[in-house]
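As the structure lists them, so they are numbered: ligands from 1, and atoms in each ligand from 1.
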Amino acid sequence: MITMDDIIREGHPTLREVAKEVSLPLSEEDIVLGEEMMTFLKNSQDPEKAEELALRGGVGLAAPQLNISKRLIAVHVPSNDLENPEPLLSTVMYNPKILSHSVQDVCLGEGEGCLSVDREVPGYVVRHSKITVSYYDAAGEKQKKRLKDYESIVVQHEIDHLNGIMFYDHINEQNPFALKDGVLVIE
Ligand SMILES: O=CN(O)C[C@@H](CC1CCCC1)C(=O)N1NCCC[C@H]1C(=O)Nc1ccccn1
Ligand code: NI
């Protein structure tokens, strides 16, 4: 079972590598890895389990964060609507690829963090508001999804990890809260 001890922290070279494509058909090993990454996210969002296992709550995880330089990510974005507890997005993506994106940019008002970064790095992380992402699912089926806003931000943060990019690489060093015209700030 994955715990925080399995997550490598900034400074570890693997976080700056470009991860390798996963070979298809998916190996049992890669399928199990995806399942374990999804279980970590669900555990991390469960108050009891998170406390018991000392997990930081996470909505996404990329294999390089486990020192596994492969192009697979897991995302589990909880619903923000008590009426409908269904998660907004919950999937493992193998060889995810952004096919197209909006001109419109977006950023989280409270900035971003990372389970591999044990410090606050303030500033706006400007990303595409909408993306069309293709990927293979755990059944080896090719999928295509159009994502927007928070879900889009999460998937972009994870795909960055596959390319050795950290969220703070996007923050303007001169003025971390500088915003170009038209960038949408979402809370
Ligand atoms: O690469 C993947 N990571 O580094 C885990 C990150 C991924 C998100 C950061 C911004 C977009 C994707 C993550 O999830 N976090 N960052 C550090 C601590 C907070 C935590 C978080 O946002 N938790 C959360 C949010 C809503 C609901 C439940 N939990
Ligand atoms: Ni991260």
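Taking a cutoff of 4.0 Å between a charged side-chain nitrogen and a carboxylate oxygen, D105 and R127 do not qualify as a salt bridge. With respect to K145 and D137, no salt bridge is recorded, no charged nitrogen being found less than 4.0 Å from a carboxylate O.
For H161 atom NE2 and H157 atom NE2, the angle they make at the Ni ion (ligand 2) is roughly 100°, to 10 degrees.
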For ligand 1, which of its N or O atoms have a protein N or O partner closer than 3.5 Å, and how long is each gap?
from, atom 1, to, atom 2, distance (Å)
ligand 1, 1 (O), Q65, OE1, 3.0
ligand 1, 1 (O), Q65, NE2, 3.4
ligand 1, 1 (O), H157, NE2, 3.1
ligand 1, 1 (O), E158, OE1, 2.8
ligand 1, 1 (O), E158, OE2, 3.2
ligand 1, 1 (O), H161, NE2, 3.0
ligand 1, 4 (O), Q65, NE2, 3.3
ligand 1, 4 (O), L115, N, 2.8
ligand 1, 4 (O), H157, NE2, 3.4
ligand 1, 14 (O), V59, N, 2.9
ligand 1, 23 (N), G57, O, 3.0

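Heavy-atom contacts from other residues, nucleotides or ligands closer than 6.0 Å to CZ of R9 number more than 12.
Shown here are the ring pair (Phe, Tyr, Trp, His ring centres under 6.0 Å) partners of H101, two or more places apart in sequence or in another chain: H128.
Annotation: cation-pi pair R119/Y168 present, NZ/CZ under 6.0 Å from the ring centroid and within 45° of its normal.
A side-chain N or O of N67 and one of T14 form a donor-acceptor pair less than 3.5 Å apart.
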